[in-house]
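If you're wondering where the values come from, they're calculated on a predicted model, not measured in any experiment. FYI, the numbering just counts along the sequence from 1.
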Amino acid sequence: VLDVRPIVSNDRRFVTLELRPTVATLLRPIRTFSTTLAVGTAVTFEVPEHEFSSEGLLSFLAKLRISLLAYVVSFGIVATYWVQHTAIFHYVRVGNRLFTWLNLLFLVPVTILPFFTELRVEYHDEYRVTILYAGANVLSGLLLLAMWRYAAKAGLLRRMAPGVDR
């Protein structure tokens with residue numbers, strides 16, 4: 001834990017923050033872990049309540065196999081988008097407002113994928129959820145293509161090596 005105490009100077013012109021790290025004791029275990037992957041995308045891992053019995057950890061994880069598989073697949077998809085996004089920006093020389101908006105629009109379906117992944121796990125028999133999940137992926141791909149095409153057409157790309165298709 002970090003204790004922060006503000007100290008105001010005598011002439012009241014400056015405030016200094018005194019920082020003191022301290023050790024805290026947890027009264028109950030933390031069952032949720034959150035992190036941020038992209039702009040405003042919170043990914044939360046929540047450990048389900050489970051009393052381990054004779055069936056053990058492997059049996060418990062086997063019960064979670066659909067969730068784990070969905071997470072791994074979605075991570076692979078987002079990782080692919082990240083690699084392609086990075087590849088595009090390797091060639092971008094300069095940007096403009098429309099290119100920035102296209103980039104932000106690309107982030108919308110990517111940042112909603114964790115939500116759609118959770119829906120897929122909970123409602124895996126519901127075809128509408130599959131359509132939402134697939135639609136977000138198709139939209140992400142189309143927006144990446146739109147970013148590349150716009151950057152090439154608007155002259156935002158660096159000079160490219162011969163044989164590289166714009």
Asker: Determine, using the 4.5 Å side-chain heavy-atom cutoff (strictly less than), whether Leu102 and Val94 are members of one ILVMFWY cluster.
Answerer: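 Yes, because Leu102 and Val94 connect within a single hydrophobic cluster, where side-chain heavy atoms sit under 4.5 Å apart.
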Asker: Using the side-chain contact (heavy atoms from CB on, under 4.5 Å) criterion, which residues pair with Val73? Sequence neighbours excluded.
Answerer: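 With neighbours one apart ignored, the set is Leu69, Ile77, Tyr133.
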Asker: Would you give the length of the straight line joining atom CG of Leu144 to atom CG of Leu105, rounded to the nearest 0.5 angstrom?
Answerer: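 Those atoms lie 12.0 Å apart.
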Asker: Take Trp148 and Leu157 through the side chain to side chain contact (heavy atoms under 4.5 Å, CB included) test and state the conclusion after the steps.
Answerer: CA-CA 9 Å; Trp148 177 253; Leu157 301 178; 3.9 Å; yes
Asker: Hey, could you give me the CG/CD1 distance between Leu107 and Ile112, rounded to the nearest 0.5 Å?
Answerer: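 The CD1 atom of Ile112 is 12.5 Å from CG of Leu107, to the nearest 0.5 Å.
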Asker: Hey, any chance Met147 and Leu104 share a hydrophobic cluster, counting ILVMFWY side chains that come within less than 4.5 Å of each other, even indirectly?
Answerer: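 Yes, because Met147 and Leu104 connect within a single hydrophobic cluster, where side-chain heavy atoms sit under 4.5 Å apart.
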Asker: Is Val83 isolated, or which residues cluster with it under the ILVMFWY side-chain rule of less than 4.5 Å, directly or via members?
Answerer: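 In the cluster with Val83 there is nothing else; it is isolated.
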Asker: Going by the rule side chain to side chain donor-acceptor pair (under 3.5 Å), which residues pair with Arg128 if we only count those two or more places apart in sequence or in a different chain?
Answerer: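 By the side chain to side chain donor-acceptor pair (under 3.5 Å) rule, Arg128 matches Glu126.
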Asker: Could you work out, with side chain to side chain donor-acceptor pair (under 3.5 Å) as the rule, every residue matching Tyr150, not counting sequence neighbours?
Answerer: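 Scan of Tyr150 (side chain to side chain donor-acceptor pair (under 3.5 Å), adjacent residues dropped) gives Asn96.
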Asker: Is it the case that more than 12 heavy atoms not belonging to Phe115 sit under 6.0 Å from its CZ atom?
Answerer: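 Counting neighbours around CZ of Phe115, 12 or fewer heavy atoms of other residues, nucleotides or ligands fall under 6.0 Å, so no.
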Asker: Would you compute the distance between atom CH2 of Trp82 and atom CZ of Phe75 and round it to the nearest 0.5 angstrom?
Answerer: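 Output value for this atom pair is 11.0 Å.
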Asker: For Leu145, which fellow cluster members are found when Ile, Leu, Val, Met, Phe, Trp and Tyr are connected by side-chain heavy-atom distances below 4.5 angstrom, either directly or through intermediates?
Answerer: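 Hydrophobic cluster check, Leu145: no partners found.
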Asker: Tell me if a side-chain donor or acceptor on Tyr81 pairs with a main-chain N or O of Asn137 at a distance below 3.5 Å.
Answerer: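 Yes, Tyr81 side chain to Asn137 backbone: donor-acceptor pair under 3.5 Å.
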Asker: Are Leu143 and Trp101 joined in one hydrophobic group, where the rule is that I, L, V, M, F, W and Y side chains link up if heavy atoms are under 4.5 Å apart?
Answerer: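 Cluster IDs for Leu143 and Trp101 match.
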Asker: What is the ring orientation for Phe106 with His85, classed by angle as parallel under 30°, tilted 30 to 60°, or perpendicular over 60°?
Answerer: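 Answer is parallel, since the angle falls under 30°.
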Asker: Kindly give the cluster partners of Val138, where membership spreads through any ILVMFWY side chain lying under 4.5 Å from a current member.
Answerer: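 Besides Val138, the cluster holds Leu142.
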Asker: Please name all residues satisfying ring-ring contact (aromatic ring centres under 6.0 Å, His included) with Phe116, sequence neighbours left out, ordered by chain then number.
Answerer: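 If we apply the ring-ring contact (aromatic ring centres under 6.0 Å, His included) test to Phe116, skipping adjacent residues, there are no hits.
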Asker: For residues 101-125, which residue pairs pass the salt bridge (charged side-chain N to carboxylate O under 4.0 Å, His left out) check, not counting sequence neighbours?
Answerer: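 Applying salt bridge (charged side-chain N to carboxylate O under 4.0 Å, His left out) to every pair that reaches into residues 101-125, excluding sequence neighbours, yields nothing.
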Asker: For a 4.5 angstrom cut-off between non-hydrogen side-chain atoms, does Leu113 reach Ser74?
Answerer: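 A side-chain contact is absent here, since even the closest heavy-atom pair is not under 4.5 Å.
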Asker: Would you kindly confirm whether Val108 and Val110 end up in one hydrophobic cluster when ILVMFWY residues are joined by side chain heavy atoms under 4.5 Å apart?
Answerer: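 As far as the 4.5 Å side-chain criterion goes, Val110 and Val108 are not connected within one cluster.
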Asker: Would a hydrophobic clustering, with Ile, Leu, Val, Met, Phe, Trp and Tyr connected at side-chain separations under 4.5 Å, put Ile88 with Leu98?
Answerer: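 They do share one cluster, since a chain of ILVMFWY contacts under 4.5 Å joins Ile88 to Leu98.
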Asker: Show the nearest heavy-atom pair for residues Thr111 and Pro114, with the distance to one decimal.
Answerer: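 What the structure gives for the nearest pair is O-CD, 3.3 Å.
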Asker: Please find the pair of heavy atoms, one from Ala136 and one from Pro109, that lie closest to each other, and give the distance.
Answerer: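 It is O-CB, 3.5 Å.
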Asker: Within a 6.0 Å radius of atom CZ on Arg93, are there more than 12 heavy atoms belonging to other residues, nucleotides or ligands?
Answerer: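 Above 12, so yes.
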